[in-house]
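Read the structure below first, then the notes.
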Amino acid sequence: MNAPVNPTGYRKLAARYSDLTTGMLAPERTPLADAWLGLPMTFVAGATNAGGLLAVGQYTSHMSGIISSAADYAVLGAMDLVLAAAGALTAFVVGAAVSSLLVNWGRLHVAGREYSLPLTLEALLLLAFAAIGPFTRTSGLMLGLAVAVLCFIMGLQNATVTKMSGAKIRTTHMTGIVTDIGIELGKLFYSNRRRGGASGPLVLADRDKLKLLCYFLAAFFGGGVVGAVGFNYVGFVFAVPLALLVLALAGPSALRILLR
């Protein structure tokens, strides 16, 4: 005979899950909250960026390459590609601007849950990206729209996590992460025994920070592998589980806003 269902237990579990995700998005940040949120978002960014190359033919998270490619295209006289790069750059900037608008609006009207707004929008846009996919094979306009949506998502996510963490972490590109890893490794292997009688603080690596940075790097790489496999074998629809992951993080806080 099956055990009776315990609604109270399910409600308690749902409440704990809601409290956990709300804490991850709380304005009062802790290193643990940054890690809990940053790692899955870095995974999503890695999957979206690597998968985006297979889906739309270019990376969409780092603007340095897009600006450099625009310069190359300008020299070669390929003005259509220059315009395409400018469109991708504009979409990224607009995504970051929309994140700032939503967060600042949220601080006034739904304080404590403001970061759920841009992340919920990100989840919805990933679903839109999955819906656009089938039309990109026959329409250059839809392909350009798909690229713009991905760039907008990357700008939106990067600005949101940057504001949330006080610029301590990035999730959509690894240049800063890898640089910080190098800095901490330099401190780790620095020998303080050669200081002689020099005064001043010892050079010590922040081992916890170094460990967390390596986790972020691994999450981005792992997301890239998963995204490349997913988009290669499943196609644009692979954006759906990525959207659901983001929605699982932001959804409870967004739902509380709707039900207040």
Derivation and outcome, side-chain contact (heavy atoms from CB on, under 4.5 Å), residues Leu212 and Asp208
CA-CA 6 Å; Leu212 182 59; Asp208 290 335; over 6 Å; no
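- Distance check, rounded to the nearest 0.5 Å: OG1 of Thr171 to CZ of Phe43 gives 13.5 Å.
- Val147 and Val82 sit in two unconnected hydrophobic clusters of ILVMFWY residues. Membership requires side-chain heavy atoms under 4.5 Å apart, directly or through other members.
- The closest side-chain heavy-atom distance from Val56 to Leu143 is below 4.5 Å.
- Criterion: ILVMFWY side-chain heavy atoms under 4.5 Å apart, direct or through other members. Under it, Val98 and Met154 are part of a common hydrophobic cluster.
- Atom CG of Leu217 and atom CG of Leu213 lie 9.0 Å apart (nearest 0.5 Å).
- In the hydrophobic clustering of this structure, Leu150 does not group with Leu83; members are Ile, Leu, Val, Met, Phe, Trp, Tyr whose side-chain heavy atoms approach within less than 4.5 Å, directly or through other members.
- The distance from the NZ atom of Lys209 to the CG atom of Asp180 is 4.5 Å, given to the nearest 0.5 Å.
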Given Leu249 and Leu119, is the side-chain contact (heavy atoms from CB on, under 4.5 Å) satisfied, shown in steps?
CA-CA 8 Å; Leu249 298 173; Leu119 294 183; 5.6 Å; no
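- The nearest pair of heavy atoms linking Pro40 to Ala35 is CD-O, 4.2 Å.
- Across Thr172 and Ala45, no two heavy atoms sit closer than the pair CA-CB, 3.8 Å.
- Within the 3.5 Å criterion, the main-chain N or O of Ala250 finds no donor-acceptor partner in the side chain of Ser253.
- Leu102 and Leu247 are not part of a single hydrophobic cluster, where members link through side-chain heavy atoms under 4.5 Å apart.
- Between the CD1 atom in Ile181 and the NZ atom in Lys211 there is a gap of 13.5 Å [rounded to 0.5 Å].
- Contact of the Leu37 side chain with the Tyr115 side chain is not registered, since no non-hydrogen atoms from C-beta on lie closer than 4.5 Å.
- Heavy atoms only, all atoms of each residue included: Trp105 and Val110 are closest at CZ3-CG2, 4.2 Å.
- In the displayed structure, Tyr17 atom OH is contacted under 6.0 Å by more than 12 heavy atoms of other residues, nucleotides or ligands.
- A donor-acceptor pair is defined here as one N or O able to donate and one able to accept, closer than 3.5 Å; no such pair exists between the side chain of Asn192 and the backbone of Leu202.
- Residue Met174 comes nearest to Phe216 through the heavy atom pair SD-O, 4.1 Å, listed as atom of the first residue, atom of the second, then distance.
- In this structure, Tyr59 OH and Ser64 OG are separated by 14.5 Å, a value rounded to the nearest 0.5 Å.
- Ring-plane geometry between Phe231 and Phe236 is classed as perpendicular, the angle between the planes exceeding 60 degrees on a 0 to 90 degree scale with a lower cut at 30.
- Note that CE of Met164 and CG of Leu25 are 5.0 Å apart. Values are rounded to the nearest 0.5 Å.
- Taking 4.5 Å as the limit, every side-chain heavy atom of Glu114 sits out of range of all side-chain heavy atoms of Lys163.
- Between Phe220 and Ile177, every side-chain heavy-atom pair lies at or beyond the 4.5 Å cut-off.
- By the 4.5 Å heavy-atom criterion applied to side chains, Leu210 and Lys187 are not counted as neighbours.
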Steps toward side-chain contact (heavy atoms from CB on, under 4.5 Å) verdict (Tyr215, Thr42)
CA-CA 10 Å; Tyr215 286 155; Thr42 302; over 6 Å; no
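- Here the shortest heavy-atom pairing between Gly224 and Ala50 reads O-CB, 3.4 Å.
- Nearest heavy-atom pair across Ala55 and Phe129 is CB-CZ, 4.1 Å.
- Under the 4.5 Å side-chain heavy-atom criterion for grouping Ile, Leu, Val, Met, Phe, Trp and Tyr, Leu127 is connected to Val237 within one hydrophobic cluster.
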Please step through side-chain contact (heavy atoms from CB on, under 4.5 Å) for the pair Thr160 and Met41, ending with a clear verdict.
CA-CA 11 Å; Thr160 302; Met41 294 308 299; over 6 Å; no
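- Side-chain contact between Val103 and Pro118: present, with at least one pair of heavy atoms (C-beta onward) separated by less than 4.5 Å.
- With hydrogens and angles ignored, the 3.5 Å screen pairs no side-chain donor or acceptor of Glu184 with any backbone N or O of Ala205.
- In the displayed structure, Arg107 atom CZ is contacted under 6.0 Å by more than 12 heavy atoms of other residues, nucleotides or ligands.
- A side-chain donor-acceptor contact under 3.5 Å links Ser69 to the backbone of Ile66.
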